[in-house]
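Only one structure is covered here, and it is reproduced in the block below.
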Amino acid sequence: MISEKTIHQLAEKFTENKDFYIVELKVNPDNQILIKFDSFKGVTIDDCVSLSEFIESNLDREIEDYELEVSSPGLTEPFKVLQQYEKNIGNEVEVLTKGGNKFSGKLLNATNNEFVVQIKKMKKLENSKRKTIVTENVIFHYDEIKTTKYILRFK
């Protein structure tokens, strides 16, 4: 079986000194290899072909056969790495907490430990008869989150 560590080292070697980052990498027991990678500028089909050819040039099918799939993550797939949060700063996201609460708003910031989303909600202010829209920044810690996704809107 081809080791995940070997594939990860090859993928890291390909992405070093480039704008690419690895989002997901899996090697199944039957040597099905899945690599999802991205960049702040996006990923083209040519980029996927280049990574695929690089991986294939460093593996020998005579020794061990494998199936290789290289792609970019889909627009609506949950974020898996910090770079995806950083890439989407300023965009609208949906956050689902492990407690089952759902929030949507603009992603303002992301660090190694947490990220901030600006949400709008209806709130009754003091000395007011009606609820008004209030903007609030909510801090989320990654360990509290089930999923965070980019919200794709067609306007």
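Throughout, residue positions are numbered sequentially from 1 according to the sequence presented. Note that the structure is a prediction, hence the values are computed from the model and not measured.
Residues Phe54 and Ile33 share a hydrophobic cluster, clusters being chains of Ile/Leu/Val/Met/Phe/Trp/Tyr side chains in contact below 4.5 Å. Linking ILVMFWY side-chain heavy atoms closer than 4.5 Å, directly or via other members, places Leu68 and Ile63 in two distinct hydrophobic clusters. Hydrophobic clustering (ILVMFWY, side-chain heavy atoms < 4.5 Å, transitive): Tyr21 and Val43 are in distinct clusters.
Inter-residue side-chain proximity for Ile2 and Asn31 is flagged as met; some heavy-atom pair is nearer than 4.5 Å. Inter-residue side-chain proximity for Asn112 and Leu82 is flagged as met; some heavy-atom pair is nearer than 4.5 Å. Between Gln83 and Asp38 there is no side-chain heavy-atom pair separated by less than 4.5 Å. Side chains of Val117 and Phe103 form no contact here, defined as non-hydrogen atoms less than 4.5 Å apart. Annotation: side chain of Glu144 is not in contact with side chain of Thr97 (no heavy-atom distance under 4.5 Å). Residues Lys26 and Gln32 have side chains not in contact (no heavy-atom distance under 4.5 Å, counting atoms from C-beta outward). The shortest side-chain heavy-atom distance between Phe115 and Thr148 falls under the 4.5 Å cut-off.
Here the closest non-hydrogen pair linking Ser72 and Cys48 is N-SG, 4.2 Å. The two residues Asp47 and Gly42 come nearest to each other via the heavy atoms OD2-O, 4.1 Å. Contact between Thr76 and Lys149 at its shortest, heavy atoms only, is O-CD, 3.4 Å. Between Met1 and Val27, the shortest heavy-atom contact is CE-O, 4.3 Å. Here the shortest heavy-atom pairing between Lys131 and Lys124 reads CG-N, 3.8 Å.
Here NZ of Lys106 is found 13.0 Å from CD1 of Ile151. Values are rounded to the nearest 0.5 Å. Here the straight-line distance linking atom CD1 of Ile55 with atom CG of Asn58 works out to 7.0 Å at 0.5 Å rounding.
The salt bridge (Lys or Arg N to Asp or Glu O under 4.0 Å) search around Lys121 returns Glu136, not counting sequence neighbours.
Aromatic pair Tyr150/Phe79: centroids not less than 6.0 angstrom apart.
Between the Lys98 side chain and the Asp143 main chain, a donor and an acceptor come within less than 3.5 Å of each other. A side-chain donor-acceptor contact under 3.5 Å links Gln84 to the backbone of Val81. The closest donor-acceptor contact from the side chain of Asp60 to the backbone of Glu62 lies under 3.5 Å. Between the side chain of Thr15 and the backbone N or O of Ala11, at least one donor-acceptor pair lies under 3.5 Å.
Counting Ile, Leu, Val, Met, Phe, Trp and Tyr side chains that sit under 4.5 Å apart, directly or through other members, Leu108 shares a hydrophobic cluster with Val116, Ile139. In the hydrophobic clustering (ILVMFWY side chains linked at under 4.5 Å, chained through shared members), Val49 is joined by Ile45.
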Could you walk me through whether Phe37 and Val70 pass the side chain to side chain contact (heavy atoms under 4.5 Å, CB included) check?
CA-CA 8 Å; Phe37 75 121; Val70 176; 3.6 Å; yes
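The neighbour count for Lys80 NZ, taken as heavy atoms of other residues, nucleotides or ligands under 6.0 Å away, is above 12. No more than 12 heavy atoms of other residues, nucleotides or ligands sit less than 6.0 Å from atom CZ of Arg130.
The aromatic rings of Tyr142 and Tyr85 stand perpendicular to each other, their planes meeting at an angle above 60°, with 30° marking the opposite boundary.
Results of the side chain to side chain contact (heavy atoms under 4.5 Å, CB included) test with Gln118 over Val138, Asn137, Asn109 single out Asn137 as the only residue that passes.
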